[in-house]
Protein chains: 2
Amino acid sequence: MELDARKRKVLEAIVIDYIATAEPVGSRTIARKYNLGVSSATIRNEMADLEEMGLIEQPHTSAGRVPSDTGYRYYVDCIMEKKDLAYEAKKLIRDSFQIKIKQLEDLIQLSLKILSSMTSYTSLVLAPQPDKSTLQLIQLMLVEPGKALIVIITEGGRIENRIVDIPESITKADLDIVSQILNLNFKGLPIKDWDKTLLSSVRSQLIKQHKVVSLALEFLDMLLREEKDDKVYLAGALNIFNQPEFRDVSKVRSILELLEDEDALSNILKEEMEDGIQVRIGGENKYEGIKNCSLITATYKLNGKTLGTIGLLGPTRMHYAHAISILEFITDTLSITLKRL
Amino acid sequence: MELDARKRKVLEAIVIDYIATAEPVGSRTIARKYNLGVSSATIRNEMADLEEMGLIEQPHTSAGRVPSDTGYRYYVDCIMEKKDLAYEAKKLIRDSFQIKIKQLEDLIQLSLKILSSMTSYTSLVLAPQPDKSTLQLIQLMLVEPGKALIVIITEGGRIENRIVDIPESITKADLDIVSQILNLNFKGLPIKDWDKTLLSSVRSQLIKQHKVVSLALEFLDMLLREEKDDKVYLAGALNIFNQPEFRDVSKVRSILELLEDEDALSNILKEEMEDGIQVRIGGENKYEGIKNCSLITATYKLNGKTLGTIGLLGPTRMHYAHAISILEFITDTLSITLKRL
DNA sequence: TGTTAGCACTCTCCTTCGTTGAGTGCTAAT
DNA sequence: ATTAGCACTCAACGAAGGAGAGTGCTAACA
C-alpha cells in the first residue's frame, strides 16, 4: 500500500493524537495541532480517502476518526520512527540491573517491574523451559534418614529441587556416589538428549543405590513431563485500568481471565519465540480476549540461545515507539546480565 | 447488646437476603419470603428500631435496609449457626489433597485454588517466615570452579538456594567439610537462635575455607534480613468482579492495588496470626482500601506450631457461614497434609 | 486541478423533567 | 401490640430538547 506524503502525515497525526488522548480525532484538531499547512477541509478529504483504504474508521457519523488495526500496522511498519531511548531512561534501567542478583527468577521479576512501571502496560515473561536447558549440576543429599533432596541446576541458572523418600539404608556416601556418577554422565548435556542406553548404563553402575537412582530419574522424567507448562510471570496487571478504554469491567474481564490463565498465556507467548521484536496488533492476535489489545514481544538470550519471551500487553492504542524501545533495551540488558550470572 | 427473638429474626432475614441478592431488603420482602407471622408494618417498626441501634442502615430514604458492619458483626457472633460442611464438599477437598505433593509451595497454591473456586472469593496465604523455622539441612556444592550453590532446607519444607562466587581454590571436598560442620552446629536450631559465640567457633574451625563460610553466613544473614518480606500467595483475584457491588472499576481499584502490594498484604495477614478463625468485617479492617470488604483468616500449623495465615477476602456482603466452614476445613486438611510431608 | 470557506446535516452527550414503583413513617382502627 | 391505609420520598428510567463536535458536499477561488 502506497500513501503520498500528506496522507502519511494525516495518518500519523491521527495515530499520535489518538494514542495521546484516546478520543476520536477530528479534522479541525489535526489542522490546529499538527501544522500540515492545509485547511481542515483538505484534511477531511484525505481522511475520507484513508477511511476508504481501511486505515482509519469512524465510531459514528459525527465523531472524529480512529486508527483501524491496519492503520496501526501501517503506522508501525512504515511511518513510526524507532527512536533511541533517552539517556536517563537507559541509565535507570542499567542501574536497576546493577543490584547483585544471582537468581534467574529474581532477574525476570525485576525486568517485569521495570517494564511495567516505565510503560504502564502489563508485562509478561515466558520463562525458559527446562528441556531447552543444559544440565549444569545434579546433586542428591541426605536430609534425614529416609529422605533425600535432589537439586538440579540448569545452564540458565534455573534451580529445581524436590524432596523424595528413599530407603533408610541409603547413606550420605551412597548419595554422593550417585551424584558423582550422574554428574559425570549428564553434565553439560541438554536434558532432552539423554538416551536410554546411557540411562541403563548408569543404572547398572549403581545397583546398590538402584532405588535412589530411580527416584532421581523419576524426578528428571517429571521435569520432562512438565515441559509444557513453562513458568509465566507477569507484573502490572493493574495497569490495564489506567487505560480509559478499559474503565468498564466487562471489557477487561476477558483480558483478566487470560492473565489468570497461565496455560493460555504460555501458549500465546510461545508463538512469539522468533527473534527480534514482534508486534501483534488488535485482531492480529489469535486469542479472542485480546483482540482489542496489542502485544509486543521480544526474546532474551544466553550465548546466542533463545531462553524465553518477554512481552508487553496494552491497548491497541499503545505508544508503540516508546514501548518497543524500552522492551528492546530491557531484553538486551537482561541478556547481558544473564551472561554474568 | 440484647435483641428479642423477633428482632433477631428480622436482622437475620435482612442479612441473609442481602447476602443473596445484593439488593436492599424491604419490609414487604421479609414478610413475604421469611414467614415471621407478622405483617410488613410490624417488621417496619422492628426495622426502625434496628436502625436506631445501628445494626442496619438505609442507602436512601425510599430504599430497603442493608446490614451495617455492626449488623454483620452481630449476625456472625450471635445469630449465625456454624454449619458443618457438606459431605461432598469435604470429600472434594480431601481428594484434591491426595495428589502426591512434596513441595510446600505447591500445597499452598493448591489450597488457594480450592478455596477460591469453592467460595468465589479471593484467597491469600502468608507463608512461613524463615526465622520461625528450624534448619533441617544446609549443603554447599560446587557448581563449577569458583561457583557454589548453597541450599537450605527448613523444617517446614521450605527450600532456599543461592549461587555464590567462591575462590577458585576451594574444592568440592572443602565444601563438603563446610557443609558437614555447619550442619553439625546448626541442624535443628531455629535460625534466630544462632548466636555469635557459635558463629565464631565455627569460623575458627574452618580457617582454610574462611571465605566460603563467610559467604554461607552472609546468605543466612540475608535470609534473616529478608524476614520481613515473607511470601504472599493469592488466587482468584478476579473473583472480585463477580460481586455486583464491585462492578465499577473505581471501587475495585483500591482492592486491586492492595492485592498487587505484597508488603501491605503481608502486614495485614501478619496481624491475624492468632489461632482460630478471625473475622474482620468492613471498617474493622485497618487498611483503608478494604473497608468495604471482609477478611476471614485462619492459621495452619505443623506440630502445633503456627506456620502461616490463610485468608479469604470478599465483600462485607459475604456468605460468612459457608466461607468460614470451608476455610476451617481447608486449613485443617492442609495442616494434616503438612505433617505427611 | 487542488484547496478552501461555508453550510446543512448527523449523531452523541448532557440536562431537564415528568413518571413509575418500591419502600418508608405515621396515624388510626382493631 | 398489631395492622391496614395513606401520604410522602427518592432512585431509576425514559422522553424531549438543546449544545457541540464533526462530517460531507457544494461552490468559489488560485
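Note that this is a predicted model, so its numbers are computed, not measured. Numbers restart at 1 for each chain; the letters A, B, ... are given by sequence-line order, proteins then strands.
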Enumerate donor-acceptor pairs with a distance under 3.5 Å from any side-chain N or O in residues 29-36 of chain A to protein atoms, sequence neighbours excluded.
| residue | atom | partner | partner atom | Å |
| --- | --- | --- | --- | --- |
| A/Lys33 | NZ | A/Asp17 | OD1 | 2.8 |
| A/Tyr34 | OH | A/Asp17 | OD1 | 2.6 |

Next on the checklist: Within the structure provided, determine whether A/Glu257 and A/Arg253 are in side-chain contact (heavy-atom separation under 4.5 Å).
Outcome noted: yes
Next on the checklist: Check this for me, if you would: do A/Lys90 and A/Asp84 make a salt bridge, where the nitrogen-to-carboxylate-oxygen distance has to be below 4.0 angstrom?
Outcome noted: yes
Checklist outcome for this item: Once base and sugar-phosphate atoms are separated, protein heavy atoms under 4.0 Å mark nucleotides 16-30 of chain C, 5' to 3', with B, S and - as ------BSBB-----
Next on the checklist: Any non-hydrogen side-chain atom of B/Leu313 less than 4.5 Å from a side-chain atom of B/Ile240?
Outcome noted: no
Item to check | For B/Glu284, all residues meeting side-chain hydrogen bond (donor to acceptor under 3.5 Å, both in side chains), sequence neighbours excluded | outcome: B/Arg73
Checklist entry - Rounded to the nearest Å, what distance is computed from the CD1 atom of residue A/Ile30 to the P atom of nucleotide C/dT4? => result 14 Å
Next on the checklist: Among residues at least two apart in sequence or on other chains, which ones pass side-chain contact (heavy atoms from CB on, under 4.5 Å) with B/Asn45?
Outcome noted: none
Between the protein and nucleotides 12-19 of chain D, are there any N/O to N/O pairs under 3.5 Å, and if so, what are the atom names and distances?
none

Next on the checklist: Suppose the criterion is salt bridge (charged side-chain N to carboxylate O under 4.0 Å, His left out): which pairs have a residue in residues 311-331 of chain A, not counting sequence neighbours?
Outcome noted: A/Lys82-A/Glu328, A/Glu245-A/Arg317
Item to check | Nucleotide D/dG22, atom P - distance to CG of A/Asp17 in whole Å | outcome: 10 Å
Item to check | Interatomic distance, A/Ile43 CD1 vs D/dG22 C1' [rounded to whole Å] | outcome: 13 Å
Item to check | Separation of A/Glu46 CD from A/Ile14 CD1 (nearest 0.5 Å) | outcome: 10.0 Å
Next on the checklist: Without decimals, in angstroms, what is the distance between A/Leu36 CG and C/dG2 P?
Outcome noted: 18 Å
